Amino acid sequence: MKEIVIISGKGGTGKTSVTAAFAALAAPAIMVDCDVDAADLHLVLSPTVEETHAFFGGRQARIITEQCQACGTCADVCRFSAIRHDAATGYQIDPLACEGCGVCAHFCPHEAMAFEETCNGQWFRSSTRFGPLVHARLGIAAENSGKLVALIRREARALAAANQANWLLVDGPPGIGCPVISSLTGADHVVIVTEPTIAGLHDLERVLTLTAHFHVPASIIINKADLYQHGAEEIAQTACTHHAQVLGHIPYDPVFTQAQLVGLSVIEYADGPVSQAIRACWNQLRISLTKE
Amino acid sequence: MQIAIASGKGGTGKTTVATNLARVLSGTRPVQYVDCDVEEPNGHLFLQPQITSSQSAGILVPVLDLDRCTRCGACSQLCQYHAIANLGTTMLVFPELCHGCGGCIRVCPEQAIREEERPIGVVEYGTARGVHFLHGRLNVGETMSPPLIRAVLKAVDPTIMAIIDAPPGTSCPVLTAVRGADFVLMVTEPTAFGLHDLMLAVEMVRALQLPTGIVINRADMGDDRVERYCATEGLPILGRVPHDRRVAEAYARGVLAVDAVPEMAVSVQPLADAIFQEVAL
Ligand code: SF4
Ligand code: SF4
């Protein structure tokens, strides 16, 4: 089984559309949507949810009003300004600011602070026309997206092993922070979907530094390749310096948007230049993975 | 006044709106552009500021004095993030897991712990043709962006208007960036992904009880699903930006849309006016 993580650094480069197209080409495969903050893959894969699980990502403090003597210790010890006082309601916790460190609960002299596990998301095991999908939904403003990413990836790997799947396709989160790191450590290969813009190039450098840091081999797909010729050449150069292979170029084409509006992968929607380019990228990727 | 520019989904044109808005507004008043997308800060590529100063930002992490430490384990028991481990013979600290809550220092009965700042990124200041510029840059491989975002926001001058370019998504980094704002402008696209992520972002802004409005970017590239959603939810649409290949190409080269395509300036000003009207309500 090969685990391939598709990331982009910057958002909006077409990462999820490429993942969906790869799913169509790799089927039957196992898919996992690690972009738990703004999960979109299900909009194309139209999954039938088979199992729903709660995600307990951490703990949160809660004031037990009857026991509170309004001494203010909790507000003094909290480094995240999550405890406020006002005359009418007394001490109050702002659940959106609480980082779940538990220091207030530990130091409350009146045992007026509960410190409980909180459910801050859900994850699902589903079936799709291309194979099983593991996906999740993080609660609004919830902490620990990295932990949720690690959890669903573990589930997907177990599923892939049980099904003796050839491919595990991971739709990764944007950025270079905690959730991205959780989604790519230990994977077989990272595919970076980028675009020939100054911003895309800037983020590509940072993402390649990250994949090198975690020793995951990376290759690159240049989407909207004809938007800015010079940019595309610079991407190819950057790729070369970082020993990353360019799998192929996809032209700038509204067909991605059109396919997405009807809930299809671009491979199913049309057999134009975009689909052909993606097929070529997929074949190239398969060839280089068998060499690795 | 602080106006945050956010979007549930990345790549909808958040930075384009924020940078062009800052440029247009700077014609009539002092304005600062604040890039809180510290994982992938891009505003500088378009505003091209001259950086005049920078300062490192970090998290306070514990340093243990092993001679004083009796291995009682109080610190490792308290730490919710497993950043301290008691191995009996010695103690191990994992600074990259530490959130800097200060609990271990407070709980240690032997005063064996002191704090030291661990750098996670930099805050840089500058000017860009009359726009005050401020951004944070997270070190590569670093997992925790909120402390850096807080450091960036601390450097904002409260006496002049701030345009805050927020990170994408709906979790802790965005929340940290937008929670102090007076208004949140959400940038979306009229597509399936655009609508889905907008709905999540709206839920977040509502949890924070902040006033909000919508800009639909590439308004002619999809269908009317976002319009219908906004109508049902009573969300004001403050602007619709049509798709223009010239704008996309200017963006690719790192040129501000209002500089490359003169008609753009004409469509950004009404957007600014619409925001002010919403804030005044
Ligand atoms: S400061 Fe808080 S998070 Fe950091 S090691 Fe101490 S208890 Fe853990
Ligand atoms: S609380 Fe203080 S004495 Fe106890 S194990 Fe931690 S550092 Fe050592």
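Heavy atoms only: backbone and side chains are in, while hydrogens, waters and symmetry mates are out. Naming: A, B, ... by sequence-line order, numbering from 1 per chain. Keep in mind it's a predicted model, so treat the numbers as computed, not measured.
- The minimum heavy-atom distance between A:L261 and B:R225, with the atom names listed, is O-NH2, 3.0 Å.
- In terms of heavy-atom proximity, B:A248 sits nearest to A:Y252 at CB-OH, 4.0 Å.
- The aromatic rings of B:H196 and A:H42 sit perpendicular to each other, their planes meeting at more than 60°, with 30° as the lower class boundary.
- Using a 4.5 Å cut-off between heavy atoms, A:V36 makes no contact with chain B at all.
- Per-residue counts of heavy-atom pairs under 4.5 Å with chain B were compared for A:D94, A:V103, A:D40, A:T13; the largest is that of A:D40.
- When heavy atoms are compared at a cutoff of 4.5 Å, B:E40 approaches chain A by way of both its backbone and its side chain.
- Chain A forms more heavy-atom pairs under 4.5 Å with one residue of B:L138, B:L60, B:D37, B:V38 than with any other, namely B:L138.
- Only the side chain of A:E195 comes within less than 4.5 Å of a heavy atom in chain B; its backbone stays farther off.
- With values rounded to the nearest 0.5 angstrom, A:L41 atom CG is found 7.5 Å from B:F193 atom CZ.
- At a 4.5 Å heavy-atom cutoff, the contact between B:R179 and chain A is made by side-chain atoms alone.
- Contacts with chain A were tallied for B:R106, B:E249, B:M221; B:R106 has the most, counting heavy-atom pairs under 4.5 Å.
- Evaluation of the side-chain hydrogen bond (donor to acceptor under 3.5 Å, both in side chains) rule for B:T15 yields B:D165 as partners, not counting sequence neighbours.
- B:E96 meets the salt bridge (charged side-chain N to carboxylate O under 4.0 Å, His left out) test with no other residue; sequence neighbours excluded.
- For the pair B:R253 (side chain) and A:I198 (backbone), a donor-acceptor distance under 3.5 Å is absent.
- Of the listed residues (B:P173, B:P41, B:C104), the one with the most heavy-atom contacts under 4.5 Å to chain A is B:P41.
- Between atom OG1 of residue B:T176 and atom CD of residue A:E99 there is a gap of 7.5 Å, rounded to the nearest 0.5 Å.
- For the atom pair CG of A:D203 and CG of B:N42, the computed distance is 4.5 Å after rounding to the nearest 0.5 Å.
- Ranked by non-hydrogen atom pairs under 4.5 Å with chain B, the options A:C104, A:A39, A:A105, A:S182 are led by A:A39.
- Note: A:T197 OG1 to B:F46 CZ = 6.5 Å, rounded to the nearest 0.5 Å.
- Shortest non-hydrogen contact noted between A:L96 and B:L175 is O-CD2, 3.4 Å.
- Listed options A:R206, A:K15, A:H213, A:R137 were ranked by heavy-atom pairs under 4.5 angstrom with chain B; first place goes to A:R206.
- When each of A:V77, A:L201, A:L210 is scored by its heavy-atom pairs under 4.5 Å with chain B, the top score falls to A:V77.
- Ranked by heavy-atom pairs under 4.5 Å with chain A, the first of B:E189, B:R150, B:K14, B:R218 is B:R150.
- Rounded to the nearest 0.5 angstrom, A:H106 NE2 and B:Q77 CD are separated by 8.0 Å.
- Proximity to chain B is limited to the side chain of A:T257, based on heavy atoms less than 4.5 angstrom apart.
- What you find for B:Y81 and A:G100 is that their closest heavy atoms are OH-C, 3.4 Å.
- Contact tally against chain A (heavy-atom pairs below 4.5 Å) for B:C79, B:C101, B:A201: the top residue is B:C101.
- With a 4.5 angstrom heavy-atom cutoff, B:P147 does not touch chain A via any of its atoms.
- Per-residue heavy-atom pair counts under 4.5 Å with chain B were compared for A:F214, A:F80, A:F107, and the maximum is reached by A:F107.
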